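Predicted model only: the values in this text are computed from it and were never measured.
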Amino acid sequence: MKKELHIDTLMVGDKPTKPDPYGAVVPPIYQNSLFTFKSWEAIQDAFTDKVNNSIYTRGNNPTVALTERKIALLAEGEKAKLFASGMAAVSAGMLHFLNAGDHIITLKNIYGPAISLINDFIRPKMGVEVSYINGDCLEELELQIQSNTRLIYLESPTSVVFSLQDLKAIAELAKKRGIATMIDNTWATPIYQKPLNMGIDLEVHSCSKYLGGHSDIVAGVLIGSDALLDSIHCREYELLGAKMAPMEASLLLRSLRTLDMRMERHQQSAMKVANFLEQHPKIETVNYPGLASFTQSKLAEQQMTGFSGLMSFKLKTNKLELVKRFFNHLTLFNIGVSWGGHESLIYAPAISCMQEQSGEQFAKMGISLGDMRISIGLEQVDDLIDDLTSALNTI
């Protein structure tokens, strides 16, 4: 990928070309399943470099490839690969680094389905060992490294409690020990955090969240070096078959054009909501890295240039009746499991975590019935604060 090329330039083999010969301001959607060739020699040449040629849409598609290049540029990575979902990207990344009998180090409160992937699939089927850590102490991580440790899987900020890891320090330690690093960077987006520049090997996003931003697509992406992404393309991407559809790629391409503006609005509104909640007498704690009171605020300033609209807070009650009363009284906050769209959402992580995780794992995550996660959308922030005030007045 040559960064001097216009961001809407397509590559056919090693030759740049415009995405549409008619000069369409929006690149066309290549909805076809396969691509034809003029001769034996032409298709043979394509197969010699199938990563960069369009032969079959499960492998490469011009619409998808254009969107991938935009994401790679945003993250300052060499290459990106889009998948049919965030979990497809997470699965492909983990499986690329892990073999039978290997060891993975990860965090106690990463995204719930990622924990389930490790505990319910990778461990029993591959005999992989796992160490769960808090992640906020480099010495703790170093003590867990074994001779068969192959991957350190991070999420910064983490799910629910939004704790951070020192990405640069962890990347330096991992490289000295020959261990791969991978991070879920969905919360901060490439706008506000660039882990690849801090030495992390592989970055993953759920594009269903901020990158998509309109709650109308499900997709995931991996970003990293040319060599790493080409290897994943030929193995986990093509063989597992979780390809990105051209239509979803086009919708994602649309969303990337407004990502920086949307993130700025999410951040501005979230800061106002976080400050309101922090001062409310019925709130015990607020977990938001943008707050000056956040325990890792200095680290947040060092490795992030901004903050998104997702946070959590803990009610000063664990009585299910009162928690439900607050939860159900909200009118502007929709109840839903995702986040990062134009609409504001609320979710109680305990609802799914108690069902997806064992009692022991749930306890390690540090989540209670009174923990609420909210995603601040693009509505008027004063209306959102009024909605929260009204609901808090019921308990």
Next item on the list: Identify, with sequence neighbours excluded, every residue that meets salt bridge (Lys or Arg N to Asp or Glu O under 4.0 Å) alongside Asp201.
Entry: Lys175

Item checked: Pairs flagged by ring pair (Phe, Tyr, Trp, His ring centres under 6.0 Å) wherever residues 45-96 is involved - sequence neighbours left out -> Phe83-Tyr237

Notebook entry, point to check: What pairs with Phe333 under ring pair (Phe, Tyr, Trp, His ring centres under 6.0 Å), at least two apart in sequence or on another chain?
Noted result: none

Margin query: Test: side-chain hydrogen bond (donor to acceptor under 3.5 Å, both in side chains). Region: residues 292-305. Which pairs qualify, not counting sequence neighbours?
Written below: Glu278-Ser293

Checklist line | With Glu68 via salt bridge (Lys or Arg N to Asp or Glu O under 4.0 Å) - residues at least two apart | finding: Lys81

Notebook entry, point to check: Would you find more than 12 non-hydrogen atoms of other residues, nucleotides or ligands less than 6.0 Å from Lys168 atom NZ?
Noted result: no

Next item on the list: Write out all pairs satisfying salt bridge (charged side-chain N to carboxylate O under 4.0 Å, His left out) with one or both partners inside residues 31-41, taking only residues at least two apart or from two chains.
Entry: none

Next item on the list: Mind checking salt bridge (Lys or Arg N to Asp or Glu O under 4.0 Å) for Arg325 and listing every partner two or more places apart, or none if nothing turns up?
Entry: Glu321

Check: Hey, is NZ on Lys316 packed in by over 12 heavy atoms from elsewhere, all under 6.0 Å?
Finding: yes

Check: Who pairs with Arg177 by side chain to side chain contact (heavy atoms under 4.5 Å, CB included), at least two apart in sequence or on another chain?
Finding: Glu142, Ile145, Leu173, Ile179

Next item on the list: Dump the intermediate steps for side-chain hydrogen bond (donor to acceptor under 3.5 Å, both in side chains) on Glu343 and Asn334, then the final yes or no.
Entry: CA-CA 8 Å; Glu343 73 288 349; Asn334 294 294; over 6 Å; no

Next item on the list: For Glu238, enumerate each residue passing the salt bridge (Lys or Arg N to Asp or Glu O under 4.0 Å) test, keeping only those at least two apart in sequence or located in another chain.
Entry: Lys50

Note to self: I need the minimum non-hydrogen distance between Leu229 and Gly224, along with the two atoms involved.
What the structure shows: CD2-N, 3.2 Å

Note to self: Would you say Met244 ends up clustered with Phe35 if hydrophobic residues are merged whenever their side chains have heavy atoms under 4.5 Å apart, either directly or through other cluster members?
What the structure shows: no

Margin query: Can you confirm whether the side chains of Ser206 and Lys209 place a donor and an acceptor under 3.5 Å from each other?
Written below: yes

Next item on the list: If a pair satisfies ring pair (Phe, Tyr, Trp, His ring centres under 6.0 Å) and one of its residues is in residues 252-298, list it, with sequence neighbours excluded.
Entry: Tyr210-His266, Phe276-His280

Next item on the list: Take Ile104 and Val128 through the side-chain contact (heavy atoms from CB on, under 4.5 Å) test and state the conclusion after the steps.
Entry: CA-CA 7 Å; Ile104 178 174; Val128 168; 3.9 Å; yes

Next item on the list: Could you list the residues that satisfy side chain to side chain contact (heavy atoms under 4.5 Å, CB included) with Asp216, not counting sequence neighbours?
Entry: His214, Arg254

Next item on the list: Could you tell me which residues satisfy side chain to side chain contact (heavy atoms under 4.5 Å, CB included) with Val273, sequence neighbours excluded, listed by chain and number?
Entry: Leu277, Met311, Ile374, Ile376, Val381, Ile385, Leu388

Check: Can Asn109 and Thr158 be counted as having a side-chain donor-acceptor contact under 3.5 angstrom?
Finding: yes

